[in-house]
Amino acid sequence: MELNAYRIMWLFVFFDLPTETKKDRRNASQFRGNLIKDGFSMMQFSVYIRHCASGESADVHEKRIHRLVPPLGKVSVLRITDKQFGMIINYLGKTKQDAVATPTQLELF
């Protein structure tokens, strides 16, 4: 199967979780930790991203996120193609930053 910028997916997870109680803080921390264990990287404090080689792979991770959602708070998942992700513009202060490079994929036969 040929890699294609329209088949490769990026998942964004946006969340706003309560941190008022010790239990809330633990739930929020566990949620972030589980995202990292599942291969997500922090883009901003409450925004995590993950590269997926295909829509099917993205489906697996979306289902996993669904199971990880804490009892309180808001979690949103956005799926975009690699082609769309390639058009992102990032700034650090006034300095324009390069987009995150697409991870190298190994194809096994």
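The first residue in the sequence is number 1, and the count goes up from there.
- No path of Ile, Leu, Val, Met, Phe, Trp and Tyr side chains, each step under 4.5 Å between heavy atoms, connects Phe14 with Met42, placing them in separate hydrophobic clusters.
- Here Asp16 pairs with nothing under the side-chain hydrogen bond (donor to acceptor under 3.5 Å, both in side chains) rule; sequence neighbours left out.
- Partners of Thr19 by side-chain hydrogen bond (donor to acceptor under 3.5 Å, both in side chains), not counting sequence neighbours: none found.
- Note: the hydrophobic cluster containing Leu11 does not contain Met9 (ILVMFWY, side chain heavy atoms under 4.5 Å, direct or indirect links).
- Partners of Thr95 under the side-chain hydrogen bond (donor to acceptor under 3.5 Å, both in side chains) rule, at least two apart in sequence or in another chain, do not exist in this structure.
- Looking only at distances, no side-chain donor or acceptor of Arg50 sits under 3.5 Å from a matching main-chain atom of Phe12.
- Residues satisfying the ring-ring contact (aromatic ring centres under 6.0 Å, His included) test with Phe31, not counting sequence neighbours, are Phe15.
- The heavy-atom pair separating Lys96 from Tyr91 by the smallest distance is CA-CD2, 3.9 Å.
- At a threshold of 4.5 Å between side-chain heavy atoms, the hydrophobic network of Ile, Leu, Val, Met, Phe, Trp and Tyr places Ile36 and Val13 in one connected group.
- Placement of Ile49 and Met87 in two distinct hydrophobic clusters is found when ILVMFWY residues are connected by side-chain heavy-atom separations under 4.5 Å, directly or transitively.
- Taking Gln44 as the reference, nothing meets the side-chain hydrogen bond (donor to acceptor under 3.5 Å, both in side chains) condition, with sequence neighbours excluded.
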Side-chain donor/acceptor pairs under 3.5 Å, residues 68-80, sequence neighbours excluded:
unit_1	atom_1	unit_2	atom_2	d
Arg79	NE	Glu62	OE2	3.1
Arg79	NH1	Gly55	O	3.3
Arg79	NH1	Asp59	OD1	3.4
Arg79	NH2	Asp59	OD1	2.5
Arg79	NH2	Glu62	OE1	2.9
Arg79	NH2	Glu62	OE2	3.2

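- Rounding to the nearest 0.5 Å places OG1 of Thr21 at 7.5 Å from NZ of Lys23.
- Under the 3.5 Å distance criterion, the side-chain polar atoms of Asn34 are matched with a main-chain donor or acceptor of Gln30.
- The distance from atom OH of Tyr48 to atom CZ of Arg32, rounded to the nearest 0.5 Å, is 5.5 Å.
- Hydrophobic cluster membership is shared by Phe45 and Ile65, with clusters built from Ile, Leu, Val, Met, Phe, Trp and Tyr side chains linked at under 4.5 angstrom.
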*Go through the steps to decide whether Gln84 and Trp10 satisfy the test side-chain contact (heavy atoms from CB on, under 4.5 Å), and finish with yes or no.*
CA-CA 9 Å; Gln84 292 167 318; Trp10 285 87; over 6 Å; no
